[in-house]
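Lettering of chains follows the sequences in order, A, B, ..., and the numbering in each one begins at 1. Hydrogens, waters and symmetry mates are skipped; everything else that's a heavy atom, side chains included, is used.
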Protein chains: 2
Amino acid sequence: MPLSAAAIVEAAHRLLLDYGLQDVSMRRLAGELGVRPGALYYHVPSKQQLLADVAHRILAPLADPPGTVGVEELMRRFRATVLPIRDGADLMLIAFGLNPGLPPVPALRRGLERLGLASGLAHERAQIVMHFALGAVAAEQNAALLHPTPETTDREAPNRETTGPETTRGAALYDEGLRLLMPTAD
Amino acid sequence: MPLSAAAIVEAAHRLLLDYGLQDVSMRRLAGELGVRPGALYYHVPSKQQLLADVAHRILAPLADPPGTVGVEELMRRFRATVLPIRDGADLMLIAFGLNPGLPPVPALRRGLERLGLASGLAHERAQIVMHFALGAVAAEQNAALLHPTPETTDREAPNRETTGPETTRGAALYDEGLRLLMPTAD
DNA sequence: ACCTGAACACCGTTCAAGT
DNA sequence: ACCTGAACACCGTTCAAGT
């Protein structure tokens, strides 16, 4: 069967999980799919749009969390989803630039309303929380990449079955940031 | 006189201000300096280190603010410094990965201690605030780049004397985030 | 409709050899 | 000491031409 946008997005997703963002190139993707680079552009408008689609696939599980999942837990899942992907936060920054309403934003907004914020305030707060989350994960990943700790040093090997750059230090910092941004004391 | 690391950093800085991060390439930089690309590597170990040095230059004015400058004002200056530079936040993310103690972090820590936080807590809070600031500016810039508003559409022209992607919306969101992260109600 | 071939205009980095 | 020349191993994107 011929190539399709969906097949390209899927291959890019696999490449991302196995080798990280810097190995997701249009030329390498074409090689993986047994096709010439130019062929991709018949199905996909640009690399940027392709990456945004991949981000959407990754974040889809965060779109409709059960009502029992609180806002903080939702954002912990966001971190846990993005952190194991090499340069995952950079990808998300690109994706949220293209589409600010990506998951988990709508669920985040609903959760904040459930906590008592009016619609407008919930919208504002959701963006603030999202900005913090993106910045925190990006900083955490860049730090891990540049001065790797023993536990984080698994280059060249695929990072699929790996714990990733998870650290208790990073998690605690993230949790404290979330706590400060939750609607309560103000 | 021969080339020097300082001259390269300065040329990279100028290129960044005039054309944005994606135009700061080792080859273009070499061209600007009238030299072959390989020559740069005699003075500078890598592009990444070079960019970190440029970031340091840009943030230097935020290192020692007068005691009258509060924490929120300091962070507003950080945003005002980074926002007009095309992909400035991406650059800062690279730089803070390489060196988490870059300005305005030390001043931020001191300011938070002045507001009553113990040293350890001030350190923690400074990182949280910094993560938010980096995420917020990065999101703001990526959004401006991808769906430009009329006021923001100044491609191809140098962005030196330009207002940049400043918006009242972005500023208000940023201020509110800072407010929530300031030590008071808890 | 879908893809190839080939080009356009680039990258970061290394390193023997020249001066 | 400082730089060139030349290579290595790549990029994203376009588009006439083929099937």
Between atom CD1 in Ile8(B) and atom P in dG12(C), what is the gap in whole Å?
13 Å

Under 6.0 Å from the six-membered ring centre of Tyr19(B) and within 45° of its axis: does the NZ or CZ of Arg28(B) meet both?
yes

Give a yes/no answer on whether the side chain of His43(B) brings an N or O atom under 4.0 Å of OP1 or OP2 in dC3(D).
yes

Identify the stems formed by DNA chain C, where each pair is Watson-Crick or G-U wobble with both distances under 3.5 angstrom and a stem is at least 3 consecutive pairs.
C:4-8 with D:12-16, C:12-16 with D:4-8

Contact summary for Val82(A) and Gly88(A), nearest pair of heavy atoms:
CG1-C, 3.4 Å

With a 6.0 Å cut-off (strictly less than), is the heavy-atom count around CZ of Arg36(B), excluding the residue itself, greater than 12?
no

State, to 0.1 Å, how close Arg110(B) and Ala63(B) come at their nearest heavy-atom pair, and which atoms those are.
NH2-O, 3.5 Å

Minimum heavy-atom separation for Gln48(A) to Ile94(A), with atom names?
CG-CG2, 3.9 Å

Residue pair Leu102(B) / Ala95(B): nearest heavy atoms and the distance that separates them
CD2-CB, 3.6 Å

Closer than 4.0 Å, any side-chain N/O of Tyr41(B) to the OP1 or OP2 of dT13(C)?
yes

Between P on dC3(C) and CE on Met26(A), what's the gap in Å once rounded to a whole number?
14 Å

Give the rounded distance in Å between these two atoms: OH of Tyr42(B) and P of dG18(C).
18 Å

Atom-to-atom span, CG of Leu51(B) to P of dT13(C) - whole angstrom:
10 Å

If only side-chain N and O atoms of Arg36(B) are considered, is one of them under 4.0 Å from the OP1 or OP2 phosphate oxygen of dG5(D)?
yes

On a whole-Å scale, what distance lies between the P atoms belonging to dA9(C) and dC10(D)?
23 Å

Taking the nucleotide of DNA chain D with the nearest heavy atom to each, does Gly38(B) or Val24(A) sit closer to the 5' end?
Gly38(B)

Interatomic distance where CG belongs to Leu29(A) and P belongs to dG12(D) [whole Å]:
9 Å

Measure from CZ on Arg28(A) to P on dG12(D) and round the result to the nearest Å.
12 Å

Among the clusters formed by ILVMFWY side chains lying less than 4.5 Å apart, do Met75(B) and Leu115(B) turn up in the same one?
yes

Taking CZ from Arg27(A) and C1' from dC10(C), how many angstroms apart are they, rounded to a whole number?
11 Å

Nearest-neighbour nucleotide for the Val35(A) side chain, dC2(D), dT4(D), dT4(C) considered
dT4(C)

Specify the separation, in whole Å, of atom NZ of Lys47(A) and atom P of dT13(D).
8 Å

